[in-house]
Amino acid sequence: MQLLKIKNQIDIEIKNILSNKYNIDKKTIVFENPKEIQNGNLSTNIALQLTRDLKQNPIIIAEAIASEIQISEYISEVKVAKPGFINIYFSDSYFKMLIEEVDINYGSFKRKDQKKYLIEYISANPTGDLHLGHLRNAVYGNALVNLMKKAGYNVGTEYYLNDAGAQMNNLGLSARYFYLLLCNQEVDFPEDGYRGKDIESIGKMIFDEFNNQKKDESIDFFIEYSYKINLENIKSILEDINIRIDSWVSEKELFKNDIVKDTLQILEDSNDLYEKDGALWLRTSKYLDEKDRVLKKSTGEYTYFTADVAYHIEKYKKGFTNLINIWGADHHGYIPRIKSSIFSMGQDPDTLEIPIIQMVNLLEDSKTLKMSKRAGTSVTIKRLLSEIDKDVIKYFFVMRSPDTKLDFDISLAKEQSVNNPIYYINYAYVRINSILNKALEFEYKSKLNNQYFTEIEKNIINLISTYPELIVESANKRLPHIIANFLYNLASLFHKYYDQEKVFTDNPIIVEKKLYLLEKISIIFQDGLNILGIKLKNKM
RNA sequence: GUCUUGGUAGCUCAGUAGGAUAGAGCAAUGGCCUUCUAAGCCAUCGGUCAGGGGUUCGAAUCCCUUCCAGGACGCCA
């Protein structure tokens, strides 16, 4: 990409100047894209950084360096500014080159490393409907996958289904409870049961289908029935919001296929296993954990953790070299033990990365709604999707840093849908479409005839030229919201441009140039929102 | 108590591999539709970047400390 290219060139040039002039070998030179265009298109603070070593006024150093930077076809001016910045200004012909390189593959990278990433996300237990926390996780994960692919990473995705253990039993008991109620049979509510409307409706479904024929049916029937319904619901919601997962792994299968047993065998060799109080322990405290963890209870049952260790090792066995688990903040305390287990299994724990997504606080009319499954008040995505545009919801989740807890007010989201930032971006796109359609009518072509750009056009090109770097940065930092912010800024510049300069004027050369620019902007909107997993409307 | 994430404008948030006068949206006030979609644009108002110390040419950003808020601390899953 052009901007990266020219940065490299100037980087080398300045390093040469430094070594010739001051005999200094500087490893990295920091470049910035100044916010204000009067500070140039590229800027470096190298002179400021050298003040201590050289014991000179930074302005003097900056001027000495700046005077030796070659003015070229691409660089029209090099200036020194206040404390000691060196500001580099691009030539018009370079702006032309910057915008000319924008196409569908703009900002797409290839990586040379052989790493294969597996991103596991959502992995909500199939004990009920998905809720908002899962949705944030899903939307973030989906955007991260797209982003990393764009940046050249080799990425696969997975959903881990906890379809074994006590919780499945609780699910079955709860469904049976609601079913038996409908059969007019007095029963106690199960101790750790789920009270949610979703489970209640499963009880009703069973009753509707079988009447009271299943009154004496074994618990397995209720477990299987409920599990199937829940899994279908989860899958259909993910389909509704256009999120695809490559593979689904079942905890039950891990036991069936002896993967858990095999894992214990490997751990046996690691010397990190021991028995105490009739239970089997893993010495996780040897590595990162604050205390050891039980793998096999004194009752002979395996813990959830055991299956999870087996599951993680299985991921490596499948050929993935790097794992990314996207977890909610409530799972934070679980990180040290799982990383420790990876140590014990002979893998490098640094190859397991765990971005933590902060909780979603659900509000309605400014009042907090509790999201506990047990209390049965969790608000389902199904309900939200029926009331609010799914792309509005998705943008709302992906526009913010995952490190901030999110207040999601249902009533506000509905009200503000008109003022929602996604519409601001989409509106820019719609305006461009509308102009381009009109251009077809008038039989204008888009064409870059000369290299004259107005101030605002240079601003736009300048911003667009940073897109490829932002792709890399946000992918490496695992922060898709950086792209959301970028798109918003681009939309803002476009709206300004739209307002300042009409496209259809008397001069066909200028019309063609503007159409050309608009096509490029449109490409960026489409590409960026595609990464975020959001569909653009063609008309509003 | 320990671990962890936050604390930036009235509200919701950007901005942290140290950089130029700290930015948006919403809210408030005032302007802009006889040419491409006013879901827009422009202007005004609004800040002790939680408090205190430190590091340095330079700190919202790094370090120490105090306070406040969310989350987690099972032979549950």
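The chains referred to below are lettered A, B, ... by the order of the sequence lines, with proteins before strands, and numbering in each begins at 1.
Evaluation of the side-chain contact (heavy atoms from CB on, under 4.5 Å) rule for A:Thr51 yields A:Pro58, A:Ile61 as partners, not counting sequence neighbours. Residues passing the ring-ring contact (aromatic ring centres under 6.0 Å, His included) test with A:Phe525: none are found, sequence neighbours excluded. Among residues two or more places apart in sequence or in another chain, the salt bridge (Lys or Arg N to Asp or Glu O under 4.0 Å) test is passed with A:Lys315 by A:Glu120. The side chain to side chain donor-acceptor pair (under 3.5 Å) check on A:Asp289 picks up A:Thr284, A:Arg293, with sequence neighbours excluded. A:Phe486 meets the ring-ring contact (aromatic ring centres under 6.0 Å, His included) test with A:Tyr467; sequence neighbours excluded.
Candidate nucleotides B:C3, B:C75, B:A20 were compared by shortest atom distance to the side chain of A:His332, and B:C3 ranks first. Of the candidate nucleotides B:C36, B:A77, B:A20, B:A20 has the atom lying nearest to any side-chain atom of A:Ala81. Taking only side-chain atoms of A:Tyr304, from C-beta outward, the nucleotide of B:A20, B:C36, B:A77 with the closest atom is B:A77. Of the candidates B:A39, B:A77, B:A20, the closest approach to any side-chain atom of A:Met540 belongs to B:A39. Candidate nucleotides B:C36, B:A77, B:U56 were compared by shortest atom distance to the side chain of A:Val503, and B:C36 ranks first. If you check B:G74, B:A77, B:G40 against the side chain of A:Lys291, the one that comes closest is B:G74. Which of B:C75, B:C36, B:A38 sits closest to the side chain of A:Ser298 comes down to B:C75. Taking the side chain of A:Lys82 as heavy atoms from C-beta on, and the options B:A39, B:A77, B:A20, the nearest nucleotide is B:A20.
Summary of the strand contacts: A:Tyr427 and A:Phe305 both lie near RNA chain B, and taking for each the nucleotide with the nearest heavy atom, the more 5' one is attributed to A:Tyr427. Mapped onto RNA chain B by nearest heavy atom, A:Glu36 and A:Trp281 fall at different nucleotides, with A:Glu36 at the one closer to the 5' end.
The closest donor-acceptor contact from the side chain of A:Tyr89 to the backbone of A:Gln38 lies under 3.5 Å.
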Requested in this report: List the protein contact pattern of nucleotides 9-18 of chain B with one symbol per nucleotide (5' to 3'): B for base contact, S for sugar-phosphate-only contact, - for none; contact means a heavy-atom distance under 4.0 Å.
Outcome: ---SSSS-S-
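No engagement by A:Gln56 is indicated, since no non-hydrogen atom pair under 4.0 Å with the nucleic acid exists. Contact annotation for A:Asn489: no contact, since no heavy-atom pair falls under 4.0 Å across all strands. Note on A:Asn39: a base of the nucleic acid sits closer than 4.0 angstrom, heavy atoms only. Nucleic acid contact for A:Glu290: sugar-phosphate only, since backbone atoms but no base atoms lie under 4.0 Å from a heavy atom of the residue. Within the nucleic acid shown, A:Tyr424 comes within 4.0 Å of sugar-phosphate atoms alone, with no base atom in reach, counting heavy atoms only. Among the heavy atoms of the strands lying under 4.0 Å from A:Lys502 is at least one base atom, whether or not backbone atoms are also near.
An aromatic stack links A:Phe85 and the base of B:A20, using centre distance under 5.5 Å and interplanar angle under 30°.
Aromatic rings from A:Phe408 and A:Phe397 are positioned such that their centres are separated by under 6.0 Å.
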Under 3.5 Å, sequence neighbours excluded: what are the donor-acceptor pairs made by side chains of residues 498-510 of chain A?
from: A:Glu501; atom 1: OE1; to: A:Lys514; atom 2: NZ; distance (Å): 3.1
from: A:Glu501; atom 1: OE2; to: A:Thr454; atom 2: OG1; distance (Å): 3.1
from: A:Asn507; atom 1: OD1; to: A:Ile509; atom 2: N; distance (Å): 3.0

Show me the donor-acceptor pairs, under 3.5 Å and distance only, between side chains in residues 274-281 of chain A and residues at least two apart or in other chains.
from: A:Tyr274; atom 1: OH; to: A:Asp292; atom 2: OD2; distance (Å): 2.5
from: A:Trp281; atom 1: NE1; to: A:Lys276; atom 2: O; distance (Å): 3.1

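As rounded to whole Å, 15 Å separates atom C1' of B:G74 from atom CG of A:Asp330.
An OP1 or OP2 oxygen of B:A38 is reached within less than 4.0 angstrom by a side-chain nitrogen or oxygen of A:Tyr498. For B:C36, the OP1/OP2 oxygens have no side-chain nitrogen or oxygen of A:Arg431 closer than 4.0 Å.
Base orientation for B:C33: syn, the chi torsion being within 90° of 0.
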Protein N or O to nucleotides 42-47 of chain B N or O, pairs below 3.5 Å:
from: B:C42; atom 1: OP1; to: A:Lys496; atom 2: NZ; distance (Å): 3.4

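Taking 4.0 Å as the cut-off between side-chain N and carboxylate O, A:Lys458 and A:Glu455 do not count as a salt-bridged pair.
Partner assigned to B:G40 is B:C32, using Watson-Crick or G-U wobble distances below 3.5 angstrom.
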